[in-house]
Asks: 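I have a structure I would like to understand better, so I am pasting it below and will then ask my questions one at a time.
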Amino acid sequence: MAGPRTLLHVDMDAFYVAVELRRRPELRGRPVVVGGSGPRGVVAAASYEARAAGVFSAMPGFRARRLCPTAVFLPGDHRLYAEVSGQVHGIFRSFTPLVEGIALDEAFLDVTGARRLLGDGPTIAAALRARVTQELGLTCSVGVATSKLLAKLASEAAKPRPSPRGPLPGKGVVVVAPGEERAFLHPLPVEAVWGVGPATLARLRRLGVRTVGDLASLPESAVVASLGEAAGHHLWSLAQADDPRPVVPDRPPKSVGHEETFARDVFGVDALGREVVRLADAVAGRLRAHGLAGRTVTVKVRFGDFRTITRSATLAEPLTTGPELARSARALLERVDLSPGVRLLGVSVSGLTDAPARQLVLGGDGAEQWVDASRAVDRIRGRFGPDAIRPATLAHPVAQSRPGERPWGPEGPAGP
């Protein structure tokens, strides 16, 4: 279709909180925080009433409590959020097949090809918002523009705002019309541009850059000299409102992983052994569920002082089973000095491919048998639930949360 593209960026409003309020309507109008409630928990989402008190996502839970003592803290239900996200994205795909999900609660849509049937960008955005509200009881904000960068910035401008007197309604839809791209973009602070983090911002500040317009007015060569070849060209082009990136639907995952924050620091490989097995079992199950295998195993370790390291190894053959993954992850941990105490442990697999057919090898290490056993485990869990069968290492009477069940930290009164 001739003419500029029409892209939407749709961002659900306080998604996790909004989903919780559907089943807890008595909490509407109160400050609500979703996340880990223990001293090591973090805020996953905050209602606009809580945001007015200074609470925001990724903030430590204990700090959120200090800022907003009257807040209601909810532990979160990631499985429910994923289920509702699927419904949200189903609505998106009813408008266009060109949907690029970038999180559970946001996505880019290319509706250029739908304009003749459904109307112009603002009309489609309004119809989409209405369906999300009518069918799911949730609200979203939509940016309409000719590029991804501008659509995302427009959706941010469309969102509600917190205030001491209660949430201020947003516009719902903000449109950056063709020809108005630079007028919208250039007055914004330069950190609004993707890729401008703290280090890049400090360098741009030294060049006297405060707004996107300041960046756009510099010679490209000066930006490249300060930021490097790739980053300099990219950010300078974005500042010119030049962003040709397409909406890419159904992007394959780059990695699969789980991580866990412990209520107290854990010391030594042996003490972490059960956690390695538990995380590896969950990650391998997700790989098989998506028909994937992976060759690169990574462990992430965060110590009690928040210092974080990763260690990786690339295997000769892709893996899909928990025992294989647990062995590789444990071997990586054995090369790390764990004496300071481990606050968080993560296990992930990357270098993903379609799961290959295994060829039986006489005298092998048993990996082929584990493939068959893992498939049997998947069938049992599919029929009787995820807790129906577990590795023998985890057969312990003390109840444990499943990986991903508490992604924002443990609850309870454990020390920091």
Asks: Between Arg302, Arg274, Arg278, which is the residue that forms a salt bridge (charged side-chain N to carboxylate O under 4.0 Å, His left out) with Glu260?
Replies: Arg278
Asks: Quick check on Arg245: does its CZ atom have over 12 non-hydrogen neighbours (other residues, nucleotides or ligands) under 6.0 Å away?
Replies: yes
Asks: Does the side chain of Thr321 pick up a donor-acceptor pair with the side chain of Glu324 at under 3.5 Å?
Replies: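 Their side chains do contain a donor-acceptor pair, which is all the 3.5 Å distance test asks for.
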Asks: Should we count NE2 of His290 as having more than 12 external heavy atoms under 6.0 Å?
Replies: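 Incorrect, the count does not exceed 12.
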Asks: Below 4.5 Å, heavy atoms only, C-beta onward: do Leu238 and Leu215 meet side chain to side chain?
Replies: no
Asks: Between atom CG of Leu325 and atom CG of Leu287, what is the distance when rounded to the nearest 0.5 Å?
Replies: 7.5 Å
Asks: Report the distance from atom CZ of Arg129 to atom CG of Leu8, rounding to the nearest 0.5 Å.
Replies: 12.0 Å
Asks: In chain order, what residues pass the side-chain hydrogen bond (donor to acceptor under 3.5 Å, both in side chains) check against Lys300, with sequence neighbours excluded?
Replies: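 Only Glu259 meet the side-chain hydrogen bond (donor to acceptor under 3.5 Å, both in side chains) criterion with Lys300.
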Asks: Compare every heavy atom of Ala151 with every heavy atom of Ala145, then report the nearest pair and how far apart it is.
Replies: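 What the structure gives for the nearest pair is CB-N, 3.5 Å.
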Asks: What are the two closest heavy atoms between Lys159 and Met12, and how far apart are they?
Replies: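 So the minimum-distance heavy-atom pair works out to NZ-O, 3.4 Å.
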Asks: How close do Ala154 and Val176 get, counting heavy atoms only, and between which atoms?
Replies: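 For Ala154 and Val176, the tightest heavy-atom pair comes out as CB-CG2, 4.1 Å.
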Asks: Using every non-hydrogen atom in the two residues, find where Arg307 and Pro340 come nearest and quote the distance to one decimal.
Replies: NH2-CG, 4.1 Å
Asks: Can you tell which of Pro167, Pro31, Ser163 makes a side chain to side chain contact (heavy atoms under 4.5 Å, CB included) with Tyr48?
Replies: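 Of the listed residues Pro167, Pro31, Ser163, the side chain to side chain contact (heavy atoms under 4.5 Å, CB included) partner of Tyr48 is Pro167.
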Asks: Could you tell me whether the side chain of Arg295 reaches within less than 4.5 Å of the side chain of Leu319, counting heavy atoms only?
Replies: no
Asks: What is the distance from atom CG of Leu345 to atom OG1 of Thr261, rounded to the nearest 0.5 Å?
Replies: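 Interatomic distance, Leu345 CG to Thr261 OG1, rounded to 0.5 Å: 10.0 Å.
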Asks: Less than 3.5 Å apart, any donor N or O on the side chain of Asp120 or Thr123 sitting next to an acceptor on the other?
Replies: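 There is such a pair between these side chains.
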Asks: For Leu272 and Phe262: C-alpha separation, side-chain torsions, deciding distance, then whether side-chain contact (heavy atoms from CB on, under 4.5 Å) applies.
Replies: CA-CA 11 Å; Leu272 288 168; Phe262 306 124; 3.7 Å; yes
Asks: Would you mind reporting whether Leu153 and Leu185 have side-chain heavy atoms less than 4.5 Å apart?
Replies: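 Of all side-chain heavy-atom pairs linking Leu153 with Leu185, at least one is under 4.5 Å.
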Asks: If we ignore hydrogens and angles and just use 3.5 Å, is the side chain of Gln240 paired with the main-chain N or O of Ala216 as donor and acceptor?
Replies: yes
Asks: Does Asp243 use its side chain to pair, donor to acceptor, with the backbone of Leu149 at less than 3.5 Å?
Replies: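 Yes, Asp243 side chain to Leu149 backbone: donor-acceptor pair under 3.5 Å.
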Asks: Under the salt bridge (charged side-chain N to carboxylate O under 4.0 Å, His left out) rule, what do Glu26 and Arg28 come out as? Steps first, then yes or no, please.
Replies: CA-CA 6 Å; Glu26 72 277 8; Arg28 293 187 185 278; over 6 Å; no
Asks: Do side-chain atoms of Thr112 reach the backbone of Arg5 as a donor and acceptor pair under 3.5 angstrom?
Replies: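 Between the backbone of Arg5 and the side chain of Thr112 there is no qualifying donor-acceptor contact (under 3.5 Å).
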Asks: Report yes if some heavy atom in the side chain of Leu333 is under 4.5 Å from a heavy atom in the side chain of Val276; otherwise report no.
Replies: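 In contact.
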Asks: side-chain contact (heavy atoms from CB on, under 4.5 Å), that's the test. Do Val336 and Phe303 meet it? Break it down for me.
Replies: CA-CA 11 Å; Val336 177; Phe303 298 102; 4.1 Å; yes
Asks: Taking C-beta and beyond as the side chain, do Leu332 and Val297 meet within less than 4.5 Å on heavy atoms?
Replies: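 Touching, per the 4.5 Å side-chain cut-off.
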Asks: What is the distance from atom CG of Leu218 to atom CG of Leu235, rounded to the nearest 0.5 Å?
Replies: 12.0 Å
Asks: Do Val42 and Met59 have side chains that get closer than 4.5 Å, going by heavy atoms?
Replies: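 Heavy-atom side-chain distance check fails, nothing below 4.5 Å.
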Asks: Any donor-acceptor pair under 3.5 Å linking the side chain of Arg51 with the backbone of Ala46?
Replies: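 Answer holds: yes.
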Asks: Is the closest side-chain heavy-atom distance between Val88 and Asp105 below 4.5 Å?
Replies: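 No - every pair of side-chain heavy atoms lies 4.5 Å or more apart.
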Asks: Would a distance-only check, ignoring hydrogens and angles, find a side-chain to backbone donor-acceptor pair under 3.5 Å from Arg288 to Thr320?
Replies: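 Yes; judged by distance alone, with no hydrogens or angles, the pair exists.
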Asks: Is there a donor-acceptor pair closer than 3.5 Å between any side-chain N or O of His186 and the backbone N or O of Ala239?
Replies: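 The answer is yes, because a donor-acceptor pair under 3.5 Å joins these two groups.
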Asks: Just by distance, do the side chain of Arg343 and the backbone of Phe306 share a donor-acceptor pair under 3.5 Å?
Replies: no
Asks: Do we get Arg65 above Phe73's six-membered ring, with its NZ or CZ under 6.0 Å from the centre and within 45° of the axis?
Replies: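 Cation-pi check for Arg65 and Phe73: passes.
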Asks: Give the table of side-chain donor-acceptor pairs shorter than 3.5 Å for residues 194-209, with sequence neighbours excluded, one pair per line with atom names and distance.
Replies:
from   : atom 1 : to     : atom 2 : distance (Å)
Arg203 : NH1    : Ser226 : O      : 3.4
Arg205 : NH1    : Val209 : O      : 3.1

Asks: More than 12 non-hydrogen atoms from neighbouring residues, nucleotides or ligands closer than 6.0 Å to CZ on Arg161, yes or no?
Replies: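 Correct, the count exceeds 12.
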Asks: For a 4.5 angstrom cut-off between non-hydrogen side-chain atoms, does Thr296 reach Ser350?
Replies: yes
Asks: Between Glu20 and Arg23, is there a side-chain N and carboxylate O pair less than 4.0 Å apart?
Replies: yes
Asks: For the residue pair Glu181 and Ala241, what are the closest heavy atoms and their distance?
Replies: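 Looks like CB-CB, 3.8 Å.
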Asks: Please evaluate residues Val248 and Phe108 with respect to the criterion side-chain contact (heavy atoms from CB on, under 4.5 Å), reporting the C-alpha separation (whole Å), side-chain torsions for both, the decisive distance (0.1 Å), and the verdict.
Replies: CA-CA 9 Å; Val248 182; Phe108 288 106; over 6 Å; no
Asks: Run the side-chain contact (heavy atoms from CB on, under 4.5 Å) test on Val19 and Asp77 for me, step by step, so that the C-alpha distance in whole Å, both residues' side-chain angles and the decisive distance to 0.1 Å come before the verdict.
Replies: CA-CA 10 Å; Val19 173; Asp77 186 342; over 6 Å; no
Asks: Within this structure, what is the CG-OG distance for the pair Leu128 and Ser94, rounded to the nearest 0.5 Å?
Replies: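 OG of Ser94 is found 7.0 Å from CG of Leu128.
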Asks: Output yes when Asp270 and Arg330 qualify as a salt bridge under the 4.0 Å nitrogen-oxygen rule, no when they do not.
Replies: yes
Asks: Without placing hydrogens or testing angles, list every side-chain donor-acceptor pair under 3.5 Å for residues 134-143, not counting sequence neighbours.
Replies:
from   : atom 1 : to     : atom 2 : distance (Å)
Glu135 : OE2    : Arg131 : NE     : 2.8
Glu135 : OE2    : Arg131 : NH2    : 3.1
Thr139 : OG1    : Asp13  : OD2    : 2.9
Ser141 : OG     : Asp13  : OD1    : 2.9

Asks: Is the closest side-chain donor-acceptor distance between Thr6 and Arg115 under 3.5 Å?
Replies: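 The answer is yes; a qualifying pair exists.
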Asks: Looking only at heavy atoms, what is the nearest atom pair of His89 and Glu106, with distance?
Replies: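 That closest heavy-atom pairing would be CE1-O, 3.9 Å.
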Asks: Short question: side chain of Ser217, backbone of Asp214 - any donor-acceptor pair under 3.5 Å?
Replies: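 Yes: the side chain of Ser217 pairs with the backbone of Asp214.
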Asks: What's the separation between atom OG in Ser147 and atom NZ in Lys152, rounded to the nearest 0.5 Å?
Replies: 12.5 Å
